[in-house]
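These notes are about the structure you will find just below.
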Amino acid sequence: MPYLEITNVTKTYGPVTAVDHISFSVESGEMFTLLGPSGCGKSTTLRLIAGLEQPETGEISARDRVLASAEAKIFIPPEKRGMGMVFQSYAVWPHMTVFENVGYGLKLRGLSRAVIKEKVSHILDLVGLYRLEDRPGTLLSGGQQQRVALARALVFEPEILLLDEPLSNLDAKLREQMRIELKALQQRVGITTIYVTHDQAEAMVLSDRVAVMNGGRIEQLASPSQIYENPQTKFVVDFIGKVNHIPAKVLEIVSGQCVLTATDADQARIECQAVDDIRTGDSVIASIRPQDITIHQAASGTETNVWRCSVKTAAYYGDHMEYQLILGSQIIEAFSSPSVRAKPGEAAFVQLDANSIKLWKS
Amino acid sequence: MTYQFDWSVLWTGQSGEWLLQGILTTLGISTLAWLLAAALGTVSGALRTVPFAPLRALATCYVEFFRNVPLLVWMFFWYFAVPPLLPGPLQDWLFNHGAEFWAGMFALGVYHGARFSEMIRSGIQSIPKTQFEAALSTGLTTAQTYRFVIIPIALRLIIPPIANESLNLLKNSSVALTISVTELTFQTRQIETYTARAFEALTAGTVIYLALCLGIATLMTKIERRFALPGMIGRVASAEH
Ligand SMILES: Nc1ncnc2c1ncn2[C@@H]1O[C@H](COP(=O)(O)OP(=O)(O)O)[C@@H](O)[C@H]1O
Ligand SMILES: [Mg+2]
């Protein structure tokens, strides 16, 4: 049974449709991520769930309790939704200490001093802030503020945790560490979490399911591996990782196999799996990720999808190499193991993995 | 022509007593008016930012009404126009208990309250919206959010302009002399009339105002040091924090 259900929700700001008839549901205990470029409506979706914005169409409900409904004119205010939220800017209250920041909500709920102390200490331990209780809110590093914000959101045991780009203000190293800690924390607490990010690596590592958003709509909703291996739209392919787009023309389609010529790459041949709506003679885009291309320094016989290119750039990353290669006017990016060491200006052979090529109509 | 200074006029006869009483009255009327202004300013300044239009409109009316009429007119209004509207026994009580003092205090309080209000409003509006939203999503009601998060932060942000306005309030208390409140300026004029020593009397007044203002300014600086939010108004955290 879905824990949180968003049905056909829209929110506009003047001429801008920030969220456009969006629907999805989140399961209990799930880590659900809204992923997309800046301005695609992720934060607005989260704010609608939190009750910081009112939907103009549609309905939001949690465990069969309607939180907001444009049609039924229902709106439960944020403080009655039992959700914890962490903002990108953390919004730590500067006039309070760490302890007060985390415990204030409990105090106003009338809990006894002893209970508050116990709960706050417990949660500060959990987020790794122990012994910083008395530090003023203004004297915290970015990582510490992030932990305070998280503790403040978790301390009253909310049913749903909403995180709006909580790691994007941290430096790269801390971000990776917090990513792992956050995932471990979410699993330990078992709390249903909606996570917003524009960082696809973050989404991949953290999420049970990812909704890729674009222009206020969901392009694809699936597990991270499904999103990565089986992107359903060209936008998703582009957004998730690097990709080569190769313009081509369909020569023939024979028993599920499709033969193309790459228009910008000296009419080089591509063989790949056919897709339903593509016919002989169509102009298409064949897309393939750099890691699905292998590089050889010598020709290896009669294999298909092998092109002779010249090396434009070669960059050494220690654990792998990144190449840019040229054939005609087509630039191809490819990653390889460091054992392949072609130099700029040399010839090299690239092999496109037929099963990894995706076709889109152009 | 040479003027013979005679500073002894300030402590001979009743002068000393008058000056002392003037200082106490000035401090009394200013303190009470300040408290009234702070209360009115905080409430109306906060109301001007709430997500509920009728309350915002009410607060705006208060501010524009009191801010845009000269203080002197308010003094006359509270002293001459308001008492006759009150029930008889209250009128009698008032005129036996320094009606001019209370009228002056009200005039000063509501006038400066309107000016405080503007500062508090701009203080609140300079707080990032997420501070507010973080409080709501932590389960605080809108009223609690204002009371415990927004207003405390805003007050800390606006200590410097509030300090300045408090000095204006003290200085403006001299306008109450027009409705015969026996405050400091009133008393220096009285000494001048009795002794015909204008220079000595007015110098005394000037020096006392200066001392009071410097005292308040020093106090405000102390308060600012104590409550400043490092990073939010550009003041670096002091070592004792
Ligand atoms: N309060 C607002 N007023 C006007 N436009 C807004 C407001 N909030 C968001 N928008 C617009 O709505 C769109 C989606 O914004 P947002 O949900 O913040 O995107 P994201 O979080 O994905 O970067 C953007 O075009 C943004 O400019
Ligand atoms: Mg955002």
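For the numbers below, each heavy atom of this structure counts, side chains included, while hydrogens, waters and symmetry mates do not.
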Exercise for review: Please report the shortest heavy-atom distance between R152(A) and A134(B), naming the atom on each side.
Suggested key: NH2-CB, 3.4 Å
Revision key, fill the gap. Residue from L162(A), V92(A), L108(A) scoring the most non-hydrogen pairs under 4.5 Å with chain B is L108(A)
Revision key, fill the gap. The interface call for M83(A) against chain B, heavy-atom contacts under 4.5 Å, is backbone
Practice item. To the nearest 0.5 Å, tell me how far I127(B) CD1 sits from W93(A) CH2. Key: 12.5 Å
Review point. Within a reach of under 6.0 Å around CZ of R131(A), are more than 12 heavy atoms found that belong to other residues, nucleotides or ligands?
Key: no
Exercise for review: Against chain A, label F148(B) side chain, backbone, both or neither, depending on which of its atoms sit under 4.5 Å from a heavy atom there.
Suggested key: both
Point to revise | Residues forming a side-chain hydrogen bond (donor to acceptor under 3.5 Å, both in side chains) with Y195(A), sequence neighbours excluded | key: E202(A)
Study note, to complete from the structure: On a heavy-atom basis, the closest approach of P94(A) and Q131(B) is CD-NE2, 3.8 Å
Revision key, fill the gap. All heavy atoms of S89(A) vs all of T130(B), minimum pair found to be OG-OG1, 3.2 Å
Practice item. Locate the shortest heavy-atom distance separating P152(B) from H95(A); write the atom from each residue and the value. Key: CB-CD2, 3.6 Å
Practice item. Measure distances from E133(B) to the heavy atoms of chain A and classify the residue's part below 4.5 Å as side chain, backbone, both or neither. Key: both
Revision key, fill the gap. By residue number, those in residues 50-60 of chain A with heavy atoms under 4.5 Å from heavy atoms of chain B are L52(A)
Point to revise | Leading residue by heavy atom contact count with chain B [cutoff under 4.5 Å; candidates R47(A), R81(A), Q88(A), K80(A)] | key: R47(A)
Exercise for review: For atom CZ of F106(B), decide whether the heavy atoms of other residues, nucleotides or ligands shown that lie under 6.0 angstrom number more than 12.
Suggested key: no
Exercise for review: Step through the shown structure and confirm whether more than 12 heavy atoms of other residues, nucleotides or ligands are within 6.0 Å of CZ on R65(A).
Suggested key: yes
Check your understanding: Is chain B contacted by the side chain of V155(A), its backbone, both, or neither, given a heavy-atom distance below 4.5 Å?
Key -> neither
Practice item. Nearest 0.5 Å please: distance from the CZ atom of R109(A) over to the CD atom of Q144(B). Key: 9.0 Å
**Study point:** Heavy-atom pair with the smallest gap, counting every atom of S137(B) and F156(A)
**Key:** O-CZ, 3.5 Å
**Study point:** Neighbour count >12 (heavy atoms, 6.0 Å) for atom OH, Y130(A)
**Key:** no
